[in-house]
Amino acid sequence: MKLRIFLLVTSYCLLVTGLCGCQNQQLYTDNRIMMGTFVEVISPYKQAAGIVFSEIKRIEDLLSKYKPDSEVAKLNQSGKLKVSPDTFFIIKKSKELWQTSDGAFDITVAPLVDLWGFTDKKYHLPREGEIKNTLKLIGCDKIILHDDDNMIKFKLSGMKIDLGAIAKGYALDCAVNKLRKAGIKSCLINAGGQVYCLGGKFGKPWKIAIKEPRGRDFTGYLELKDKSVATSGDYEQCFIKGKARYSHILNPKTGYPADSRIVSVTVIASSGLTADALSTAIFVLGKEKGKALAKRFPDVEIKIIEKENVQNNR
Ligand code: FAD
Ligand code: MG
């Protein structure tokens, strides 16, 4: 498990560079395995890591489909549940993003994610009939939200949700809120390649190196302050069968892995939630529709790499 996550992290696009510039300016670094990935905290404030880890744990305990006692797992089990404000907020936000992305971003893909073996990592090419059957359970319009008492209900039994494409970003936002409340003005959090840069590093922006997808070289640097950057790509979790590559980002309308000619999408935004969700949605939509979607979010910048721009483009 640790080795798999280490391999995962090193394959991620973003690497933090120039960790400690000035001699007498101390940076504290700590890391932990959380949310099925590697979480690293870098800050001149010694107490920052503890604040970040405890807030991410709080969010993970609510939203992880892998934790049987989480609200998401209980909702998936029973099909209806009164949930906490955090869970209600993120499911409502996900439903809005489903609308805005014309159904490309869809948290009800969970039964499809299971069917393709991306949950238990036993990758599997389903038969067409299995996919057709499972597609009946997909669509955020089948989630009923009661604003008055935070009750959530699924219209059909067998429906499930998976917040894998949005909750990491949300967890970063919550951790940054806690840091700000504690008066901490500078911290970098890297959660499995999704990064949040709070403030700058000793007065300068944090410097993040972008690694080329499927390769080992760096394609460039980002200088960020009070911004989050997230990347969705087809090389992080995928399997190859015959000549085809099947990645963990699925098209909720076809039931198959998204095939939009995109290899990776990097999104920069002030909110971790927006960066996380948009990178997945744009990956499904493809370049043109993806760019149009991004335009609807004022402070968002995107970088798309398509198959024709990478060497190994299987
Ligand atoms: P993103 O593009 O951000 O998300 C892709 C993921 O979103 C897919 O893996 C799938 O789950 C889902 N998805 C696929 N297609 C769509 C779509 N069209 N619309 C919406 N969602 C879609 N992994 C483990 O192995 N073990 C764990 O214990 C574990 N715990 C987790 C706890 C939390 C709270 C979260 C958020 C994730 C957890 N994960 C766990 C998943 C792991 O971290 C994933 O690698 C991660 O969620 C994928 O994010 P990404 O940025 O690579 O891809
Ligand atoms: Mg995402």
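Along the sequence shown, residues carry numbers from 1. For ligands, and for the atoms within them, numbers begin at 1 and follow the listed sequence. These numbers come from the heavy atoms of this one structure, side chains and all, not from hydrogens, waters or symmetry mates.
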(request) May I ask you to check whether Leu250 has an N/O atom sitting below 3.5 Å from an N/O atom of ligand 1? (result) yes
(request) Say whether Met35, considering both its backbone and side-chain N or O atoms, lies within less than 3.5 Å of an N or O atom on ligand 1. (result) yes
(request) Give yes or no for whether the N/O distance cutoff of 3.5 Å, strictly under, is met between Thr37 and ligand 1. (result) no
(message) Quick test of your reading of the model: are Lys92 and Asp147 salt-bridged, counting only N-O distances below 4.0 Å?
(response) yes
(message) Between Gln194 and Ser228, do the side chains contain a donor N or O and an acceptor N or O under 3.5 Å apart?
(response) yes
(request) State whether the shortest distance between N or O atoms of Ser279 and N or O atoms of ligand 1 falls below 3.5 angstrom. (result) no
(request) Pick, from Val109, Thr119, Ile282, Val267, the option with the minimum heavy-atom distance to atom 16 (C) of ligand 1. (result) Val109
(message) What I want to find out is whether Asp106 reaches Lys142 closely enough, with some N-O distance under 4.0 Å, to be called a salt bridge.
(response) no
(message) Taking distance alone, with N or O pairs closer than 3.5 Å, would you say Phe105 contacts ligand 1?
(response) no
(message) Quick check: Leu163 and ligand 1, any N/O pair under 3.5 Å apart?
(response) no
(request) Answer with side chain, backbone, both or neither: which part of Pro252 has a heavy atom less than 4.0 angstrom from an atom of ligand 1? (result) side chain
(request) Applying salt bridge (charged side-chain N to carboxylate O under 4.0 Å, His left out), run through Asp69 and Lys74 and close with a yes or a no. (result) CA-CA 7 Å; Asp69 295 331; Lys74 286 181 188 155; 5.5 Å; no
(request) Run down the list Ile59, Asp276, Leu97 and name the one with the heavy atom closest to atom 3 (O) of ligand 1. (result) Asp276
(message) Strictly under 2.8 Å of the Mg ion (ligand 2): which protein N/O/S atoms qualify?
(response) Ala165 O, Asp276 O, Asp276 OD1, Thr280 OG1
(message) The criterion is salt bridge (charged side-chain N to carboxylate O under 4.0 Å, His left out); which residues satisfy it with Glu55, sequence neighbours excluded?
(response) Arg58, Lys178
(message) On a heavy-atom basis, I'd like to know which of Lys67, Lys168, Glu60 is closest to atom 49 (O) of ligand 1.
(response) Lys168
(request) Indicate yes or no: does Lys168 engage Asp173 in a salt bridge with an N to O separation below 4.0 Å. (result) no
(request) Please state which part of His248 comes within less than 4.0 Å of ligand 1, counting heavy atoms only: side chain, backbone, both or neither. (result) both
(message) Filter on ring pair (Phe, Tyr, Trp, His ring centres under 6.0 Å), then keep only pairs touching residues 45-98, sequence neighbours left out; what's left?
(response) Phe89-Tyr170
(message) Heavy-atom distances under 4.0 Å decide this one: backbone, side chain, both or neither, for Lys121 against ligand 1?
(response) side chain
(request) Measure from atom 23 (N) of ligand 1 to every heavy atom in Tyr66, Phe283, Trp116, Phe118 and give the option owning the shortest one. (result) Tyr66
Cut-off 3.5 Å, no hydrogens considered: what does the side-chain donor-acceptor table look like for residues 283-293, sequence neighbours left out?
none

